[in-house]
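These notes are about the structure you will find just below.
Counting starts at 1 for both ligands and their atoms, following the listed order. Quick caveat, the model's predicted, so the values are computed rather than measured. Because only heavy atoms are used, hydrogens play no part in the values below, and waters and symmetry mates are left out as well, while side chains stay in.
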Amino acid sequence: MLMKNNITIAPSLLACDFLHLEDEVKSAVAAGADIFHADVMDGVYVPNISFGFDIIKSIASVSDIPVDAHLMIKKPYDYIDVLAKAGVWSVTVHSDFDTPEVVRATLEKIKAAGMKAGLSLRPRFSADTLIPYADICDLFLIMTVEPGFGGQKFMADMLPKIAETRKIADSADHPITVQVDGGIGEATIKSCADAGADNFVIGTAFFKAPDRAEAVKTFRERAAE
Ligand code: DX5
Ligand code: ZN
């Protein structure tokens, strides 16, 4: 039988009620979330704008669980220090926001600032793209939708890439989390866990669930099946 990795659930705040941000953060912690996933979009790297670093700082100040920042922006290098100061635990950038040299320098800056470094792939990039960065990454994020919006349909054709990414992660000399993001919920979490993902970003299916604690329990059960 396949050994499942330690499952962690990361609600994506993009789907929360922004009028009641503090309550939403506390409700997610009370429901059993492990990590907060905060999506930063600049309207350039992706065709949408979400929220900025002051909001993340506010979230981190009321959160008892780590905050994971997913940067869908063109110039992440410039904001690493501000994220570290805000108390962010991990920062993920995309493989194609700039040249490989700038991508590596940004990952190095994240590590030097004392945070976990993540690298994400848009659907069109193959798992091989991650190999040159495995030495420095703590997390690989496989997008299972085109980044930019919550509430999209899960792309099942990303599953083989998740499995390849797990292999790359496991051949590194340090632990690397395999995170999935986009369209994850009750119906899709098991296939991602079977493919080797261990951290699950869940926006709509978490925040719109009638009972969030029950939803987290179900996600964990499905992932572990
Ligand atoms: C999309 C974001 C996701 C998004 C996921 O670009 O990276 O984190 O919030 O939302 P759902 O779970 O609704 O697909
Ligand atoms: Zn995200």
* Asp68 side chain to His70 side chain, donor-acceptor N/O pair below 3.5 angstrom -> no
Which of the ligand 1 atoms, numbered from 1, are nearer than 4.0 Å to a heavy atom of [X]:
X      : result
Pro147 : 6 (O)
His70  : 7 (O)
Gly182 : 14 (O)
Leu14  : 9 (O)
Ser12  : 4 (C), 8 (O), 9 (O)
His37  : 8 (O)
Met72  : 6 (O), 7 (O)
Val201 : 8 (O)

* Please state whether the rings of Phe51 and Phe18 are parallel, tilted or perpendicular, taking 30° and 60° as the class boundaries. => perpendicular
* Would you call the rings of Phe53 and Tyr79 parallel, tilted or perpendicular if under 30° counts as parallel and over 60° as perpendicular? -> parallel
* Structure fact -> Note: OD2(Asp181)-the Zn ion (ligand 2)-NE2(His37) angle, rounded to 10 degrees, equals 100°
* To do: Quick one: the OD1 of Asp39, the Zn ion (ligand 2), ND1 of His70 angle, rounded to 10°, please.
  => 90°
* Among the heavy atoms of Ala15, does any lie under 4.0 Å from an atom of ligand 1? -> no
Any N or O of [X] closer than 3.5 Å to N or O of ligand 1:
X      : answer
Gly151 : yes
Ala205 : no
Thr204 : yes
Gly203 : yes
Ile202 : no

Give me the residue, atom name and distance of the protein heavy atom closest to [atom].
atom                    : value
atom 1 (C) of ligand 1  : Phe149 O, 3.5 Å
atom 2 (C) of ligand 1  : Asp39 OD1, 3.4 Å
atom 3 (C) of ligand 1  : Asp181 OD1, 2.9 Å
atom 6 (O) of ligand 1  : Gly148 N, 2.7 Å
atom 14 (O) of ligand 1 : Gly183 N, 2.8 Å
atom 10 (O) of ligand 1 : Gly150 CA, 3.5 Å

* For Asn48 and Met72, run side chain to side chain contact (heavy atoms under 4.5 Å, CB included): C-alpha distance rounded to whole Å, both residues' side-chain angles, the deciding distance at 0.1 Å, then the answer. => CA-CA 9 Å; Asn48 193 11; Met72 287 159 276; over 6 Å; no
Between [X] and [Y], is there a side-chain N and carboxylate O pair less than 4.0 Å apart?
X      : Y      : result
Asp81  : Lys85  : no
Glu101 : Arg104 : no
Asp98  : Lys75  : no

Is there side-chain contact between [X] and [Y], with at least one heavy-atom pair below 4.5 Å?
X      : Y      : answer
His37  : Ile35  : no
Lys217 : Asp211 : no
Thr177 : Lys116 : no
Leu13  : Phe207 : yes

* To do: Please answer: with hydrophobic residues joined when any side-chain heavy atoms are less than 4.5 Å apart, are Ile56 and Val91 in the same cluster?
  => yes
* Asked: What is the minimum heavy-atom distance between Leu119 and Leu107, and which atoms define it?
  -> CD1-CD1, 4.4 Å
